[in-house]
Amino acid sequence: MSHAHSMSCRDMAAYLSDYLDGELQAGLRALIDEHRGDCPPCEAFIRTLARTVEAVRAQPREPLSSALKKSLADSLRRARRP
Amino acid sequence: MDPAAADKRPGDGDRALAEALIAGRPEAFEPFVERFGPLILSFGRRMCGQRADAEEVLQETLMKAYLSLKDLRDPGALKTWVYRVAANACLKMRRRGKSEPKGEISLEELLPRAGEGGGPPQIADWSNVPLERLLQGELKAKLEEAILSLPKDYRIVLVLRDQEGLGTRDTAEILGISGNLAKVRLHRARLALRKALDGYLS
């Protein structure tokens with residue numbers, strides 16, 4: 001990514017997780033907002049990174065059976081110190 | 001702060017639970033398992049890849065966390081306490097039948113290269129792939145494989161932040177690293193997963 005912007009594509013790349021997590025200070029956020037509007041490759045990069053994070057977050061939890069829960073609680077009870 | 005909100009801070013339920021466990025009340029074991037069993041089983045499965053290993057991590061974690069509770073200074077911090085025990089259990093366990101990916105993830109390899117003639121890179125925008133498609137079949141397997149291919153130090157940050165939903169500060173505390181390092185590892189792990197999906201979808 002080589003065109004001239006107030007923030008280069010490469011400089012911007014380091015901030016993208018903070019940007020997506022809403023943890024970036026307002027000034028930097030505004031620079032990225034401006035940059036992505038003018039730079040289709042960065043726009044696609046940010047959108048696909050966001051989709052990746054959504055997919056990781058949406059992975060379902062592992063089911064835990066009542067039998068295993070009971071066995072775990074029983075072990076703890078046995079380990080309880082008088 | 002709204003007084004009602006102050007009365008019900010997150011961690012208050014955990015504080016009561018930790019205090020009941022420390023006091024040795026037997027009726028606290030079921031709620032303890034109910035609260036942390038599903039969390040740590042998923043954490044273990046995501047870290048180790050195998051259900052059997054995840055169950056081992058779960059058993060070891062609940063027992064060790066319970067037996068060491070007397071060392072817990074702030075009972076409201078029960079959740080990070082349990083995750084810390086789980087993280088140690090996962091970090092010392094070798095993945096069954098697999099060699100563990102090692103090393104660091106270099107940022108350079110994860111960013112797009114310039115296009116032909118040094119022009120802008122071509123980046124496919126597959127962000128409109130439905131989430132349901134990413135969560136089933138081949139794509140689900142691809143994503144799980146990519147997560148398990150991350151070096152453990154990176155995988156554990158990704159799992160704690162993006163799958164277990166913990167914040168930067170708690171994640172850093174659990175792993176005994178700086179918040180900044182936790183952020184760097186999370187970012188590189190995400191970029192590596194994006195690249196893996198990109199190789200498949202673009």
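A quick note: this is a predicted structure, and the numbers were derived from the prediction, not measured. Numbers restart at 1 for each chain; the letters A, B, ... are given by sequence-line order, proteins then strands. Worth knowing before you read on, the calculation uses all heavy atoms, side chains too, and leaves out hydrogens, waters and symmetry mates.
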### Query
With respect to chain A, which residue among B:Arg45, B:Met63, B:Arg194 yields the maximal number of heavy-atom pairs within a distance under 4.5 Å?
B:Arg194
#### Entry: Pick from B:Leu186, B:Leu158, B:Val129, B:Leu201 with the largest number of heavy-atom pairs that fall under 4.5 Å of chain A
B:Val129
### Query
Measuring heavy-atom distances to chain A, does B:Val184 have an atom under 4.5 Å in its side chain, in its backbone, in both, or in neither?
neither
### Query
If you tally heavy-atom pairs under 4.5 Å against chain A, which of B:Leu134, B:Leu21, B:Leu135 wins?
B:Leu135
### Query
Under a 4.5 Å heavy-atom cutoff, which of A:Lys70, A:Arg47, A:Glu43, A:Glu23 has the most pairs with chain B?
A:Arg47
### Message
Just checking A:Arg57: does its CZ atom have more than 12 heavy atoms from other residues, nucleotides or ligands closer to it than 6.0 angstrom?
### Response
yes
#### Entry: Ring centre gap for B:Tyr83 and B:Phe43 strictly below 6.0 Å
yes
### Message
At a 4.5 Å cut-off on heavy atoms, which part of A:Leu68 comes close to chain B: side chain, backbone, both, or neither?
### Response
side chain
#### Entry: Within 6.0 angstrom of B:Lys140 NZ, more than 12 heavy atoms from elsewhere
no
### Task
Using a 4.5 Å cut-off on heavy atoms from C-beta on, say whether the side chain of B:Ser42 contacts that of B:Gln163.
no
### Task
Indicate whether the side chain of B:Thr171 and that of B:Arg161 have a donor and an acceptor atom separated by less than 3.5 Å.
no
### Summary
Turns out that what part of B:Ser202 lies under 4.5 Å from chain A's heavy atoms comes down to neither
### Query
With a 4.0 Å cut-off, would you call B:Lys79 and B:Asp14 a salt bridge?
no
## Note on the structure
So, the part of B:Gln122 with a heavy atom under 4.5 Å from chain A: the answer is neither
#### Entry: Structural part of A:Asp21 lying under 4.5 Å from a heavy atom of chain B
side chain
## Note on the structure
Checked B:Lys195, B:Arg51, B:Glu144, B:Glu34 vs chain A; the most non-hydrogen pairs under 4.5 Å come from B:Arg51
### Query
Hey, are A:Arg78 and A:Asp74 close enough for a salt bridge, meaning a charged N less than 4.0 Å from a carboxylate O?
no
### Task
Please look at B:Ala124 and chain A and tell me whether the side chain, the backbone, both or neither of the residue comes under 4.5 angstrom of a heavy atom of that chain.
backbone
### Message
Only pairs of heavy atoms separated by less than 4.5 Å count here; which of A:Ala73, A:Ser71, A:Ala50 has the most with chain B?
### Response
A:Ala73
#### Entry: Which of B:Asn128, B:Leu41, B:Asp198, B:Thr168 touches chain A most, by non-hydrogen pairs under 4.5 Å
B:Leu41
### Query
Is the shortest distance from a Lys or Arg side-chain nitrogen in B:Arg84 or B:Glu173 to a carboxylate oxygen in the other one below 4.0 Å?
yes
### Task
Before accepting this row, confirm whether a basic side-chain N of the pair B:Glu104/B:Arg188 lies closer than 4.0 Å to the acidic partner's carboxylate O.
no
### Task
Could you look at B:Leu131 and say if it's the side chain, the backbone, both or neither that has a heavy atom under 4.5 Å from chain A?
both
### Task
Salt-bridge test for A:Arg51 and A:Glu54: reply yes if a basic N is under 4.0 Å from a carboxylate O, no otherwise.
yes
### Query
Non-hydrogen atoms of chain A under 4.5 Å away: do they reach the side chain of B:Leu191, the backbone, both or neither?
both
